[in-house]
Number of protein chains: 2
Amino acid sequence: MAGKRERVRAENTAEILRLARAQVERDGAGNLSLREVARDLGMVSSAIYRYFASRDELLTRLIIDSYDRLGAIVEAADSALSSRDDFRGRWRAMSHSIRNWALESPAEYTLLFGTPVPGYAAPQDTIGPASRYTNVLVGLVLDMEAAGHTASEVVPAALRRDFAALRQRLAVPANDAMLMRGMVAWANLMGAISLELFGHLHNVVDTPGALFDAIVEVQAERLFA
Amino acid sequence: MAGKRERVRAENTAEILRLARAQVERDGAGNLSLREVARDLGMVSSAIYRYFASRDELLTRLIIDSYDRLGAIVEAADSALSSRDDFRGRWRAMSHSIRNWALESPAEYTLLFGTPVPGYAAPQDTIGPASRYTNVLVGLVLDMEAAGHTASEVVPAALRRDFAALRQRLAVPANDAMLMRGMVAWANLMGAISLELFGHLHNVVDTPGALFDAIVEVQAERLFA
DNA sequence: TAAAAGCAAGAGCACTGCTCTCGTTTCGGT
DNA sequence: ACCGAAACGAGAGCAGTGCTCTTGCTTTTA
């Protein structure tokens, strides 16, 4: 029998997620409507609550899935480079993979890196998937250090404890200066993408792609040479 | 008579903006409710439409005001430094003024730099006020160049036209490399603040303030020394 | 086979943005 | 000083939202 009920439940759950994702992609996360999902699915709105306790829970699920996809994309971009010690190349690859993904599915990027939806607070379940893409960046600075690179970034005393905890939690033996380097690169990368995607470059440059390339290149030169 | 109607209109408009701002500050831009504003004001909801054509128009007005306040704050922070050729100091001052403002009124920061509200597209009226805070940064790189500093940032050919247009539009005689430097600093700054404010640092560091200081310092060392 | 659990439907609540109509109040021109 | 026009606030109403509760039906479990 394989459990008819169980099978139908899985199908419906998947279908709800599919429709919700399409809706988010079309109208943005803020406009996700449970009732519309229900209509598209040929159900009544209250039935959705058998599958997701609330709109926020559905959103959370979408967020987790998006983090997972982003993680997979960045991992693939990084590991596609055969020469593991081409650090500049790896930085380029992962940077561009994130931007390309963001441009392809802006609503998804917005879902993760834009305004935390109205009264919504990210639950614990998201932190695992969320760290997948950052782990790729961590891997880069780790490999650099293993290859004998030294970083000269100054790390204030107040940050040393944070970095020590981070080192322990992630089992990452990078030194403070190298971690600092990663943080600067991370902030710069996400800043460049957010400025572009949220429209702050509109009356500034006409070819945001070229600007992004240049920003990545400046960092590659400075941090990953 | 001084126009009773005109006076009342000005008062009501101001009051609507005040209440709406308080609401945004409390519940976030996505939860701004015209009906609640009307209730707080002792009016019926439809009356609000005598003053603002739509919820989006009210939001736009709030956004413009916020850009103006941010602009004033950053300008003040920069011009508070008496030694105009202390570029690192000026960079520090403007960076921290933005972050402090963001921490004091996160909903306001979110309004400007988070997700462009659901189906909302920023109208032209915002681009003037929006460039006020960036002009301070532009002023910094301009002064650096005037003081004889040279930048070594590489600017790809594709960006040269954008930068030429920018130079003309803003009447800013900075060379390409120096403009590039400003862009990197800008992206890094906004990235650092957004990561913190939108919760992406939650399981990363416990003292985001220290991380921010360090990021600013790294850039000060590299770009504004 | 009977009880238990899972399910979809439907009605309903309290909201939302927005529109339209209807009396009233204020303003500008004669 | 008057009178038409314009501006105004109130109120009802429409279409939509998230979410809850009850009611019957179906599948699963014991």
Side-chain angles (χ1 to χ4, degrees), chain A residues 1-17 19-24 26-63 111 115-121 123, chain B residues 1-17 19-24 26-63 111 115-121 123:
Chain A
M1 183 59 88
K4 169 177 179 176
R5 194 148 237 171
E6 199 175 350
R7 205 197 59 235
V8 168
R9 183 174 183 82
E11 285 175 5
N12 281 348
T13 306
E15 193 62 6
I16 290 173
L17 284 171
L19 291 169
R21 181 166 295 285
Q23 221 179 101
V24 166
R26 182 163 43 83
D27 303 321
N31 291 341
L32 170 62
S33 157
L34 287 191
R35 292 184 112 108
E36 190 176 334
V37 169
R39 272 195 303 272
D40 291 354
L41 205 123
M43 267 183 182
V44 87
S45 75
S46 60
I48 301 288
Y49 288 83
R50 296 274 173 200
Y51 299 87
F52 294 92
S54 68
R55 182 176 177 274
D56 275 5
E57 193 179 298
L58 177 53
L59 268 176
T60 297
R61 183 58 188 278
L62 290 178
I63 289 174
L111 192 57
T115 308
V117 172
Y120 174 88
Chain B
M1 184 58 90
K4 169 177 180 180
R5 193 149 240 169
E6 198 175 350
R7 203 195 61 234
V8 169
R9 183 173 184 84
E11 283 175 6
N12 282 347
T13 305
E15 193 62 5
I16 290 172
L17 285 171
L19 291 170
R21 180 166 296 282
Q23 222 178 101
V24 166
R26 181 163 44 84
D27 302 321
N31 290 341
L32 170 62
S33 158
L34 288 191
R35 291 184 113 108
E36 192 176 332
V37 169
R39 273 194 304 274
D40 291 354
L41 205 124
M43 266 185 184
V44 88
S45 75
S46 60
I48 301 288
Y49 287 82
R50 298 277 175 198
Y51 298 87
F52 294 92
S54 68
R55 181 177 176 274
D56 275 6
E57 193 178 299
L58 177 51
L59 268 177
T60 297
R61 183 57 189 278
L62 290 179
I63 289 175
L111 191 59
T115 308
V117 173
Y120 174 89

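Below, chain A is the first sequence line, B the second, and so on; all start at residue 1. Side chains are part of it too, since the values below use all heavy atoms of this structure and drop only hydrogens, waters and symmetry mates.
- Looking at A:Gln23, its side chain does come within 3.5 Å of a backbone N or O of A:Ser33 through a donor-acceptor pair.
- Under the 4.0 Å criterion applied to side-chain N and carboxylate O atoms, B:Glu57 and B:Arg61 are not assigned as salt-bridge partners.
- Out of C:dC7, C:dT16, D:dA10, the shortest distance to the side chain of B:Val44 is found at D:dA10.
- In this structure, B:Glu57 atom CD and C:dC18 atom P are separated by 10 Å, rounded to whole Å.
- No donor-acceptor distance shorter than 3.5 angstrom exists from the side chain of A:Ser45 to the backbone of A:Ala38, with no hydrogens or angles considered.
- Spacing between atom CD of A:Glu11 and atom P of C:dG6 amounts to 19 Å, rounded to whole angstrom units.
- Residue A:Arg35 places its side chain closer to D:dG18 than to any other of D:dG18, C:dT16, C:dC7.
- Counting to the nearest Å, the P atom of D:dA7 and the CE atom of B:Met43 are 16 Å from each other.
- Contact annotation: A:Ser33 reaches the phosphate of D:dG18 (side-chain N/O to OP1 or OP2, under 4.0 Å).
- The distance between atom CG of B:Asp56 and atom P of C:dT16, rounded to the nearest whole Å, is 17 Å.
- Under the 4.5 Å side-chain criterion, counting only non-hydrogen atoms from C-beta, A:Tyr49 is in contact with A:Leu34.
- Between A:Tyr51 and C:dA8 there is a side-chain polar atom (N or O) within less than 4.0 angstrom of OP1 or OP2.
- In terms of position on DNA chain D, the residue among A:Leu34 and A:Arg50 whose nearest nucleotide sits closer to the 5' end is A:Leu34.
- Across all strands shown, A:Ile48 has no heavy atoms under 4.0 Å from either base or sugar-phosphate atoms.
- Residue-level contact check: B:Leu58 touches neither bases nor backbone, having no heavy atom under 4.0 Å from any strand.
- At least one side-chain nitrogen or oxygen of B:Arg39 sits closer than 4.0 Å to the OP1 or OP2 atom of C:dT16.
- With rounding to whole Å, A:Glu6 atom CD is found 10 Å from C:dC7 atom P.
- One can place CD1 of B:Ile16 at 11 Å from P of D:dC8, the figure rounded to the nearest angstrom.
- Contact check for B:Leu62 versus B:Leu32: side-chain heavy atoms found under the 4.5 Å cut-off.
- Look at B:Arg9 and you won't find any side-chain N or O under 4.0 angstrom from OP1 or OP2 of D:dA6.
- Contact check, A:Asn31 against D:dT17: no side-chain N or O comes under 4.0 Å of OP1 or OP2.
- Base engagement by B:Ser45 is indicated by at least one non-hydrogen atom pair under 4.0 Å involving a base atom.
- Residue side chain A:Ser46 reaches the base of C:dA9 through a donor-acceptor N/O pair under 3.5 Å, judged by distance alone.
- Atom C1' of nucleotide D:dG13 and atom OH of B:Tyr49 are separated by 14 Å, given to the nearest angstrom.
- Protein atom CG of A:Leu32 is 16 Å distant from nucleotide atom C1' of C:dT16, rounded to whole Å.
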